[in-house]
Each structure stands twice: as C-alpha cells, then as structure tokens.
Amino acid sequence: MSYDRIWAAVKQVPRGRVSTYGRIAELVGAATPRVVGYAMAALPEGSDVPWHRIINARGEISLPRGGHGHRRQKRLLQEEGVRFDRQGRVDLDEFGWPPG
DNA sequence: AGATTGACTGCAT
DNA sequence: CATGCAGCCAATC
C-alpha cells in the first residue's frame, strides 16, 4: 500500500495555500476523500509532505478540536499567512488551491 | 470473511 | 448556518 500518489499531490500545494481532501482525491484520481485523510494520518513525522495544508471541504481543520494536532496545524498555516476567521475557518475562495 | 471505524463529501432537512 | 444520513475505500480487529 503506497500513498505516494496522494503525498505527491499534497506536495504540490503551494506555500500559503490550502487544499481539501476531496480536491486531492480528485487530483490523484484513484482515491476517495477518506483515503486521503487516512494517508495523512499514516504520514511519518519527519516527512516533507505539507500535510497541514489539507483541510476539509468546509474550510476547517479536520482534526479533533482542542487536540494537539489541530493546534499544530493551525499554527503552521498561520505562519504561512493563511488567515482564520473567528470560527477557525479558512476562506477557500481566497486561500483554496487549485484556485477556482 | 464480516463488522467497525476514520484527518470526508454532498444533499436533504 | 447546523444536523442528519447515506455513500465511499482502505485498514484493523
């Protein structure tokens, strides 16, 4: 089982932008959103895959609220210039990738 | 081999 | 805008 294709697609998300599980799934063409999420969870710690740029279709971080991972992801995105609204959501029309 | 679960999504209510 | 529900595929038990 190799998530290489999924990871390769995630690597193409430019800095300061975010993409969704569904978009990545469409991009690789051989996975459904759930599998993309599964691939993210299976990611080794020191990988160069920008996993934090992947959020759900509603523009929100999909990790459990208050969890360690959730906070880390939000911080990484903010460091790249991605802005969150008061509800902790990203405007996909502005930061989503691919655009449109 | 069958049941359960998960970093999901889209449509209906 | 929030909930509920079915469909989805792979990993785990």
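In this text the structure is predicted, and so the values were computed from the model without any measurement. Residue numbers begin at 1 in each chain, while the letters A, B, ... track the order of the sequences.
- Between the CG atom of A/Asp85 and the P atom of C/dC1 there is a distance of 10 Å, given to the nearest Å.
- In this structure, the CZ atom of A/Arg65 is 14 Å from the C1' atom of C/dA2, given to the nearest Å.
- Remark: the A/Tyr21 side chain and the B/dA7 base include a donor-acceptor N/O pair separated by less than 3.5 Å.
- For the pair A/Arg34 CZ and B/dG6 C1', the computed distance is 5 Å after rounding to whole Å.
- The distance from atom OH of A/Tyr38 to atom P of B/dT4 is 17 Å, rounded to the nearest whole Å.
- Residue whose closest nucleotide on DNA chain B sits further toward the 5' end, between A/Gly37 and A/Glu26: A/Gly37.
- The CZ atom of A/Arg72 lies 10.5 Å from the NE2 atom of A/His52; values are rounded to the nearest 0.5 Å.
- In this structure, A/Ile61 places its CD1 atom 20 Å from P of B/dG6, rounding to the nearest Å.
- Set against C/dT12, C/dA2, B/dA7, the side chain of A/Trp51 has B/dA7 as its closest nucleotide.
- A/Phe84 and A/Val90 make their closest contact through CE2-CG2, 3.5 Å (heavy atoms, listed as atom of the first residue, atom of the second, distance).
- In this structure, A/Arg89 reaches the sugar-phosphate backbone alone: every heavy-atom distance under 4.0 Å involves primed, P, OP1 or OP2 atoms, never a base.
- Without hydrogens or angle criteria, A/Arg53 side chain to A/Val13 main chain gives a donor-acceptor distance under 3.5 Å.
- With hydrogens and angles disregarded, a donor-acceptor distance shorter than 3.5 Å links the side chain of A/Gln73 to the backbone of A/Ile54.
- Distance OH (A/Tyr3) to P (B/dA7): 12 Å, rounded to an integer number of Å.
- The CZ atom of A/Arg17 lies 8.5 Å from the CD atom of A/Glu94; values are rounded to the nearest 0.5 Å.
- Here the P atom of nucleotide C/dC1 and the CZ atom of A/Arg58 are 11 Å apart, to the nearest Å.
- Summarising the geometry, atom CD1 belonging to A/Ile6 is positioned 12.0 Å from atom OH belonging to A/Tyr38; distances are rounded to the nearest 0.5 Å.
- Side-chain nitrogen and oxygen atoms of A/Thr32 include none within less than 4.0 Å of the OP1 or OP2 phosphate oxygen of B/dC8.
- For the contact set between residues 40-50 of chain A and DNA chain B, defined by any heavy atom under 4.0 Å, the members are A/Met40, A/Ala41.
- Distance, A/Leu92 CG to B/dG10 P: 11 Å, rounded to whole Å.
- Rounding to the nearest 0.5 angstrom, the gap separating the OG1 atom in A/Thr20 from the CG atom in A/Asn56 is 8.5 Å.
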